[in-house]
Amino acid sequence: VNIATGATATVLSTTSSFPAGTKVVALAFVAGFNTGTAGHAMYGADCARIKLNGTVISTNEFNDGAWDSVAGALFSLGSLTTVSTPSQTWEIEFVNRSSRPNRTYAILVVFPVADGAFLDTGSVALTLNSQVTVGSLSTTLIGDVFAIGFAAISNTTSSKVTALNANDG
């Protein structure tokens, strides 16, 4: 989806029919690319959103951006929610707060679960060559249990740097 400077757009929309009271996991992966002139395009915190029936249930925390048209900003969003209606509309919305036009792509997966636990941490400052525990989650879930995890990294400088290397997770 092409999104003009300062505009908000629905990147994708889908519906589901999980019975009211069902626990549902929503995972979204969103990529925003600068389509304008060369340079950095900062989109801002709260620019990539998962919406359920018009309400934001997950959004990005960091002010992130794309470098030219080849190094896009990547956002991983997730939520565990209990649906309250028997019909749901899911949307990925993107707000282009940058000074350049943008092209945004998104993938959204929603699926029901019998039970779940969810942890969304606040930001933690990292320093070069350091390892920090960002969050820890203990549960009493039983049966076949699996975990899904992803991290968001933000470069707080104005220079182009590598935030993560292979095997850093």
Quiz prompt | Short side-chain donor-acceptor distance under 3.5 Å, T15 and W90 | solution = no

Practice problem: Flag yes if F118 and V113 sit in one hydrophobic cluster, no otherwise; membership is Ile, Leu, Val, Met, Phe, Trp, Tyr, and two members link when side-chain heavy atoms are under 4.5 Å apart. | Solution: yes

Quiz prompt | ILVMFWY network linking F111 to I107, side-chain heavy atoms under 4.5 angstrom | solution = yes

I want to check something: taking the side chain as every heavy atom from C-beta on, are [X] and [Y] in contact at a cut-off of under 4.5 Å?
{"X": "T85", "Y": "N53", "value": "yes"}
{"X": "T82", "Y": "T22", "value": "no"}
{"X": "Y43", "Y": "V95", "value": "no"}
{"X": "I50", "Y": "I92", "value": "yes"}
{"X": "F29", "Y": "Y105", "value": "no"}
{"X": "F75", "Y": "D64", "value": "yes"}
{"X": "P86", "Y": "F18", "value": "no"}

With rounding to the nearest 0.5 angstrom, report the [atom1] to [atom2] distance, [X] to [Y].
{"X": "L141", "Y": "D115", "atom1": "CG", "atom2": "CG", "result": "5.0 Å"}
{"X": "S99", "Y": "N34", "atom1": "OG", "atom2": "CG", "result": "8.0 Å"}
{"X": "N2", "Y": "R103", "atom1": "CG", "atom2": "CZ", "result": "4.0 Å"}
{"X": "S79", "Y": "L27", "atom1": "OG", "atom2": "CG", "result": "9.0 Å"}
{"X": "T5", "Y": "N102", "atom1": "OG1", "atom2": "CG", "result": "8.5 Å"}
{"X": "T14", "Y": "Q88", "atom1": "OG1", "atom2": "CD", "result": "10.5 Å"}

Taking all heavy atoms of [X] and all of [Y], pick out the closest pair and write down the distance.
{"X": "L77", "Y": "S58", "value": "CB-OG, 3.5 Å"}
{"X": "V83", "Y": "P19", "value": "CG2-O, 3.5 Å"}
{"X": "A106", "Y": "L12", "value": "O-CD2, 3.3 Å"}
{"X": "A45", "Y": "N60", "value": "CA-ND2, 3.6 Å"}
{"X": "A117", "Y": "T139", "value": "CB-CG2, 3.4 Å"}
{"X": "V56", "Y": "T59", "value": "CG1-CB, 4.3 Å"}

Quiz prompt | Within 6.0 angstrom of I148 CD1, more than 12 heavy atoms from elsewhere | solution = yes

Self-check item: I142 atom CD1, neighbour heavy-atom count above 12 within 6.0 Å
Solution: no

Quiz item: Do D46 and R97 pass the side-chain contact (heavy atoms from CB on, under 4.5 Å) test, and can you show the C-alpha distance, the side-chain angles, and the key distance before you say yes or no?
Solution: CA-CA 10 Å; D46 186 39; R97 293 189 186 93; 4.0 Å; yes

Quiz item: Of the options T104, L108, V30, which is the one that meets V11 in a side chain to side chain contact (heavy atoms under 4.5 Å, CB included)?
Solution: T104

Exercise. Write out all pairs satisfying salt bridge (Lys or Arg N to Asp or Glu O under 4.0 Å) with one or both partners inside residues 82-95, taking only residues at least two apart or from two chains.
Key: R49-E93, K51-E93

